[in-house]
K.L.:
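Provided herewith is a single structure, encoded as structure tokens, for subsequent inquiry.
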Amino acid sequence: MDDQTRMLTGLTGLGGLSQPDVGDPDSVRKQQSLGQPQQDIGDILQQIMAITDESLDEAQARKHALNCHRMKPALFSVLCEIKEKTVLSIRGVQEEDPPDPQIMRLDNMLLAEGVSGPEKGGGSAAAAAAAAAAGGSPTDSSIEHSDYRAKLAQIRQIYHSELEKYEQACSEFTNHVMNLLREQSRTRPISPKEIERMVAIIHRKFSSIQMQLKQSTCEAVMILRSRFLDARRKRRNFNKQATEVLNEYFYSHLSNPYPSEEAKEELAKKCGITVSQVSNWFGNKRIRYKKNIGKFQEEANLYAVKTAVDAANVSAQASQANSPATPNSGLFFCYPQLYPQCIV
DNA sequence: CTTAATGATTGACG
DNA sequence: CGTCAATCATTAAG
């Protein structure tokens, strides 16, 4: 309590109330009852300043004495006058700071990660549903993420309890300061604007603490993500049927194995994977095929036969059987000059 | 355990 | 932005 009182004095000292030169305090105090106004005022000022160095009981008693002092109204008006003169310099210092971009970034990220924002009661169900919709095997993906979600919930809980603690401490402290200022406003002039300023200063201090909390929460989430959601660590091979569909498309479009967006979507739907997974697959397939065509020759023949059979089934135009065994493989995707070492 | 296969990521490039 | 090339990390096969 004593600390807070002292701290408050330090803060209110910003209010522009300059401390007059009162000389030696002890010598002044001895002449308290004498009628000299200068020394009387100096004495009262000294008492005001001394309040903070005393215990609470002493301070209360002294405050009461001050409030009942016969010179109090006069002193008060003098203080008001001094204040009037200095108030301009206060206004100049006042700055309106816009919302910190850093804290906005952190807020956005926490919101995006589901740490802040609305409670995630139905969120896990939605995530499970999304996983079920995206993957052909809903069990593994949801189980894979359950650990992640548990840890995220833990982070979430810590974050919220800490945040609440800070907010409570902030409002408690603000209330305390405001009460003290109001109390003091009976002795010295304190405008509501000054109280506002003080509150803003306190809030700034606390928000910087909050930013640290948000910062470390973000870091924790990033670490968690890199540990649990890095798909490379939880790789699952596509099922056989999906690989067949993809290979079928690849080898039947060997001269130009670049499926359009629509084709990718269709393939994705057929294989029960995402479009980006289709893109990854084709990217990998193209590069690995080109790197070593010989290795894929068998596979190429297999799917070439397959497509040939399909084509034959669809249209009985089997007469055009012009050796589909190695369909266009010599073209190297129409850029043979890029691979001079692969001469067929 | 070693190795090959494979899905995903990253950075450069046009 | 999509693709290539290199690389990572995991899975399957030996």
K.L.:
Which nucleotide sits closest to the side chain of A/N284: C/dC4, B/dT6, C/dA6?
P.N.:
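Closest of the options to the side chain of A/N284: C/dA6.
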K.L.:
From CH2 of A/W281 over to C1' of B/dA5, roughly how many Å is that when rounded to an integer?
P.N.:
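Rounded to the whole Å, the gap is 13 Å.
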K.L.:
In this structure, how many angstroms lie between the C1' atom of C/dT3 and the CZ atom of A/R286, rounded?
P.N.:
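That distance rounds to 6 Å.
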K.L.:
If I take atom CG in residue A/N292 and atom P in nucleotide C/dA5, what distance separates them, rounded to the nearest angstrom?
P.N.:
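The distance from CG of A/N292 to P of C/dA5 comes to 14 Å, rounded to the nearest Å.
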K.L.:
Does a side-chain N or O from A/R236 land closer than 4.0 Å to OP1 or OP2 of B/dG7, or not?
P.N.:
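For B/dG7, OP1/OP2 do not have a side-chain N/O of A/R236 under 4.0 Å.
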K.L.:
Which nucleotide sits closest to the side chain of A/N237: C/dA12, C/dC4, C/dA9?
P.N.:
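Of all the options, the side chain of A/N237 is nearest to C/dA12.
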K.L.:
Would A/N284 and A/R286 count as having a side-chain donor-acceptor pair, cut-off 3.5 Å?
P.N.:
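Absent: no donor and acceptor within the cut-off.
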K.L.:
Are OP1 or OP2 of C/dA6 and a side-chain N or O of A/K291 less than 4.0 angstrom apart?
P.N.:
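Yes.
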K.L.:
In whole angstroms, how far is the C1' atom of B/dT9 from the CZ atom of A/R288?
P.N.:
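These atoms are roughly 12 Å apart.
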K.L.:
Would you kindly give the CD-to-P distance between A/E299 and B/dA5, to the nearest whole Å?
P.N.:
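Rounded to whole Å, this separation is 11 Å.
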K.L.:
When you measure from the side chain of A/H176 to the backbone N and O of A/E172, does any donor-acceptor pair fall under 3.5 Å?
P.N.:
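The answer is no, because no donor-acceptor pair under 3.5 Å joins these two groups.
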K.L.:
To the nearest Å, give me how far apart NZ (A/K240) and C1' (C/dA13) are.
P.N.:
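My rounded result for the distance is 13 Å.
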K.L.:
Under a 3.5 Å cutoff, is there a donor and acceptor pairing between the side chains of A/N108 and A/R105?
P.N.:
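Note: A/N108 and A/R105 side chains miss the donor-acceptor criterion.
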K.L.:
Output yes when at least one side-chain N/O atom of A/N280 is less than 4.0 Å from OP1 or OP2 of B/dG7, else no.
P.N.:
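For B/dG7, OP1/OP2 do not have a side-chain N/O of A/N280 under 4.0 Å.
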K.L.:
Round to a whole Å and report the spacing from CD of A/E244 to P of B/dT6.
P.N.:
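Computing the A/E244:CD to B/dT6:P distance gives 13 Å.
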K.L.:
Angle class for the A/F206/A/F173 ring planes (parallel below 30°, perpendicular above 60°, tilted otherwise)?
P.N.:
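A/F206 vs A/F173 ring planes: tilted.
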K.L.:
Any side-chain N or O of A/Y289 less than 4.0 Å from the OP1 or OP2 oxygen of B/dT6?
P.N.:
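No, outside the criterion.
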K.L.:
May I ask you to verify whether the side chain of A/R235 and the base of B/dT6 hold a donor-acceptor pair under 3.5 Å?
P.N.:
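Yes, a donor-acceptor pair under 3.5 Å.
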K.L.:
How about A/K270 and A/L246: do any of their side-chain heavy atoms sit closer than 4.5 Å?
P.N.:
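A side-chain contact is absent here, since even the closest heavy-atom pair is not under 4.5 Å.
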K.L.:
Within the structure, does a side-chain N or O atom of A/K285 lie under 4.0 Å from either OP1 or OP2 of B/dA8?
P.N.:
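Checking B/dA8 against A/K285, no side-chain N or O comes under 4.0 Å of OP1 or OP2.
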K.L.:
With a 4.0 Å cutoff (strictly under), does any side-chain N or O of A/Q277 reach OP1 or OP2 of B/dG7?
P.N.:
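No, outside the criterion.
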K.L.:
Base, sugar-phosphate, or nothing for A/F282, non-hydrogen atoms under 4.0 angstrom?
P.N.:
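Nothing, no heavy atom under 4.0 Å.
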K.L.:
Whole Å only: how far is the CG atom of A/N239 from the C1' atom of C/dA12?
P.N.:
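Going from A/N239 (CG) to C/dA12 (C1'), I get 15 Å.
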K.L.:
Any side-chain N or O of A/K290 less than 4.0 Å from the OP1 or OP2 oxygen of C/dA5?
P.N.:
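For C/dA5, OP1/OP2 do have a side-chain N/O of A/K290 under 4.0 Å.
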